[in-house]
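Here is the structure we will look at.
Being a predicted model, the structure only gives us computed values, none of them experimental. As the structure lists them, so they are numbered: ligands from 1, and atoms in each ligand from 1. Numbers for residues simply follow the sequence, beginning at 1.
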Amino acid sequence: VAGYRAGFAALVGRPNVGKSTLLNAIVGRKLSIVTPKPQTTRHRIAGVLTRPDYQIVFVDTPGLQDRHRRVLNRYMHRAAVSALEDANVLVLVVEALAFNAEDDFVLQRARRTGRPLIAAVNKVDRVRPKSRLLPYLEALTARAEFAAVVPLSALKRTQLESLPDQIGRLLPESPPLYAADQFTDQSESFRAAEIIREKLMLRLQAELPYGVTVTIERIAKAENQVEIDAVIWVERAGHKAMVIGAGGALLKTVGRSARLALNRDLGIRAHLTLWVKVKEHWADSEQALAQLGYRA
Ligand SMILES: Nc1nc2c(ncn2[C@@H]2O[C@H](COP(=O)(O)OP(=O)(O)O)[C@@H](O)[C@H]2O)c(=O)[nH]1
Ligand SMILES: [Mg+2]
């Protein structure tokens, strides 16, 4: 198709600014998991938006940070950096009225790529009165040569229209990269594991959410449902009981809400069996990470 544009737009930013919420809002499906906790996203997640004159492959990334205490954090950093380097356009996601040293770290990193850069100013729903936004936008605009600065709310799904158009015009001429009905590059099994991890992270307290990961051991289509056996991996024997909960209560709640989400977001009627296992200090080991599906 003459004049058609297609390419990759990486969503970059510090943890918790709403990158994953934005990906889901723009593509109109739940592709990337979201919790109020930072460092929820651990992988690159692609979401495809196909329009009559352009196709954008949005790439959600783990938040870019400058400190890496654990091997898992280094993996996440590599995932974010590779998305940044492979993108045609970068979307720096920031929170309205906030811009700190962590945002600046990501901004400088993004600028060094030399790629066109758009600022998405998220969470404008929280700004009161609205007049406070203008000076913030002006200050942000002065920080870099942004191709556009777009205020929006990913959560309330407001002002989402202009961002794709702004990105689309910066993409190279190319035929579409994905079929029009394909929304992501993630497998069903990966998405199921992510959904379970989201429900788990939402319910675990303190540091525990960062020490769990989920693998799918078996996913098999039966009559009119899908049988899924999943393992929740924890770092220490002492964490197992916390994930299971008193009388198995926590695990049961996680299983129930994961099943509902599998149905809503993946269209799967799942029969879900959850196991909890210990892999000592998996988040500090390259080898354990690779075994658990973290492949850079
Ligand atoms: N008020 C408000 N909260 C938002 C908005 N977008 C995301 N959030 C919340 O911010 C938190 C982090 O969101 P998430 O998408 O996981 O951020 P990420 O770490 O950048 O991917 C979650 O609790 C979201 O519900 C928004 O537009 N407005
Ligand atoms: Mg995220």
Shortest protein contact, [atom] (heavy atom only):
atom                    : value
atom 17 (O) of ligand 1 : Gly18 N, 3.1 Å
atom 25 (O) of ligand 1 : Leu155 CD1, 3.9 Å
atom 1 (N) of ligand 1  : Asp125 OD2, 2.9 Å
atom 23 (O) of ligand 1 : Pro36 CA, 3.4 Å

Requested in this report: Could you check if a side-chain atom of Pro62 sits within less than 4.5 angstrom of a side-chain atom of His43, using non-hydrogen atoms only?
Outcome: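 Contact flag for Pro62/His43 side chains = no.
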Please say whether [X] places an N or O atom under 3.5 Å from an N or O atom belonging to ligand 1.
X      : answer
Arg126 : no
Ser20  : yes
Pro15  : no

**Report entry** Numbered atoms and elements of ligand 1 in range of Ser153, under 4.0 angstrom, heavy atoms
**Finding:**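 The atoms of ligand 1 under 4.0 Å from a heavy atom of Ser153 are 26 (C), 27 (O).
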Requested in this report: Find all atoms of ligand 1 within a distance of less than 4.0 Å from any non-hydrogen atom belonging to Lys19, and give their numbers and elements.
Outcome: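 Those atoms are 15 (O), 17 (O), 18 (P), 19 (O), 20 (O), 21 (O).
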Could you tell me whether [X] approaches ligand 1 through its side chain, its backbone, both or neither, with non-hydrogen atoms closer than 4.0 Å?
X      : result
Leu152 : neither
Lys123 : both
Val17  : both
Asn122 : side chain

Tell me whether [X] is salt-bridged to [Y], with the criterion being a basic N under 4.0 Å from an acidic carboxylate O.
X      : Y      : answer
Glu188 : Arg191 : no
Arg236 : Glu280 : no
Glu198 : Arg203 : no

Query - Over-ring placement of Arg29 relative to Phe183, 6.0 Å and 45° cut-offs - result: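 Satisfied, under 6.0 Å and within 45°.
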Query raised in the report: For Arg69 and Asp284, what are the C-alpha separation, side-chain angles and deciding distance, and is it a salt bridge (Lys or Arg N to Asp or Glu O under 4.0 Å)?
Result: CA-CA 9 Å; Arg69 275 152 295 170; Asp284 295 308; over 6 Å; no
Enumerate donor-acceptor pairs with a distance under 3.5 Å from any side-chain N or O in residues 99-124 to protein atoms, sequence neighbours excluded.
{"residue": "Asn100", "atom": "OD1", "partner": "Glu102", "partner atom": "N", "Å": "2.9"}
{"residue": "Asn100", "atom": "OD1", "partner": "Asp103", "partner atom": "N", "Å": "3.0"}
{"residue": "Asp103", "atom": "OD1", "partner": "Arg14", "partner atom": "NE", "Å": "3.0"}
{"residue": "Asp103", "atom": "OD2", "partner": "Arg14", "partner atom": "NE", "Å": "3.0"}
{"residue": "Asp103", "atom": "OD2", "partner": "Asn100", "partner atom": "N", "Å": "2.9"}
{"residue": "Asp104", "atom": "OD1", "partner": "Gln108", "partner atom": "NE2", "Å": "3.1"}
{"residue": "Arg111", "atom": "NH2", "partner": "Glu145", "partner atom": "OE2", "Å": "3.3"}
{"residue": "Thr113", "atom": "OG1", "partner": "Ala110", "partner atom": "O", "Å": "2.6"}
{"residue": "Thr113", "atom": "OG1", "partner": "Arg115", "partner atom": "N", "Å": "3.2"}
{"residue": "Arg115", "atom": "NH1", "partner": "Glu85", "partner atom": "O", "Å": "2.7"}
{"residue": "Arg115", "atom": "NH1", "partner": "Ala87", "partner atom": "O", "Å": "2.9"}
{"residue": "Arg115", "atom": "NH2", "partner": "Glu85", "partner atom": "O", "Å": "3.4"}
{"residue": "Asn122", "atom": "OD1", "partner": "Ala154", "partner atom": "N", "Å": "2.9"}
{"residue": "Asn122", "atom": "ND2", "partner": "Val17", "partner atom": "O", "Å": "2.9"}
{"residue": "Lys123", "atom": "NZ", "partner": "Asn16", "partner atom": "O", "Å": "2.9"}
{"residue": "Lys123", "atom": "NZ", "partner": "Glu95", "partner atom": "OE2", "Å": "3.2"}

Requested in this report: Verify side-chain hydrogen bond (donor to acceptor under 3.5 Å, both in side chains) between Thr215 and Trp233, making sure each step is shown before the conclusion.
Outcome: CA-CA 8 Å; Thr215 57; Trp233 298 93; 2.9 Å; yes
Report task. Compute whether any side-chain donor of one residue and acceptor of the other, for Gln166 and Arg169, lie under 3.5 angstrom apart. Result ->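 Gln166 vs Arg169: donor-acceptor pair found between side chains.
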Query raised in the report: Between Ser20 and Asp60, do the side chains contain an N or O donor and an N or O acceptor separated by less than 3.5 Å?
Result: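 Ser20 vs Asp60: donor-acceptor pair found between side chains.
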Query raised in the report: Heavy atoms only: which of Thr35, Thr21, Asn16 is nearest to atom 22 (C) of ligand 1?
Result: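 Shortest heavy-atom distance from atom 22 (C) of ligand 1: Thr35.
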Requested in this report: Return yes when Gly63 approaches ligand 1 closer than 4.0 angstrom through a heavy atom, no otherwise.
Outcome: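 Distance cut 4.0 Å: Gly63 fails for ligand 1.
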Report task. Tell me, please, if Thr21 has any N/O/S atom, main chain or side chain, under 2.8 Å from the Mg ion (ligand 2)? Result ->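 Checking the Mg ion (ligand 2) against Thr21, no N, O or S atom falls under 2.8 Å.
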Query raised in the report: Measuring to the Mg ion (ligand 2), does Thr40 have an N/O/S atom at a distance below 2.8 Å?
Result: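 Short answer: no, not a single N, O or S atom is under the cut-off.
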Query - Members besides Val48 in its Ile/Leu/Val/Met/Phe/Trp/Tyr cluster (side-chain heavy atoms under 4.5 Å) - result: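 So far as hydrophobic clustering goes, Val48 is joined with Phe8, Val57, Val59, Leu177, Tyr178.
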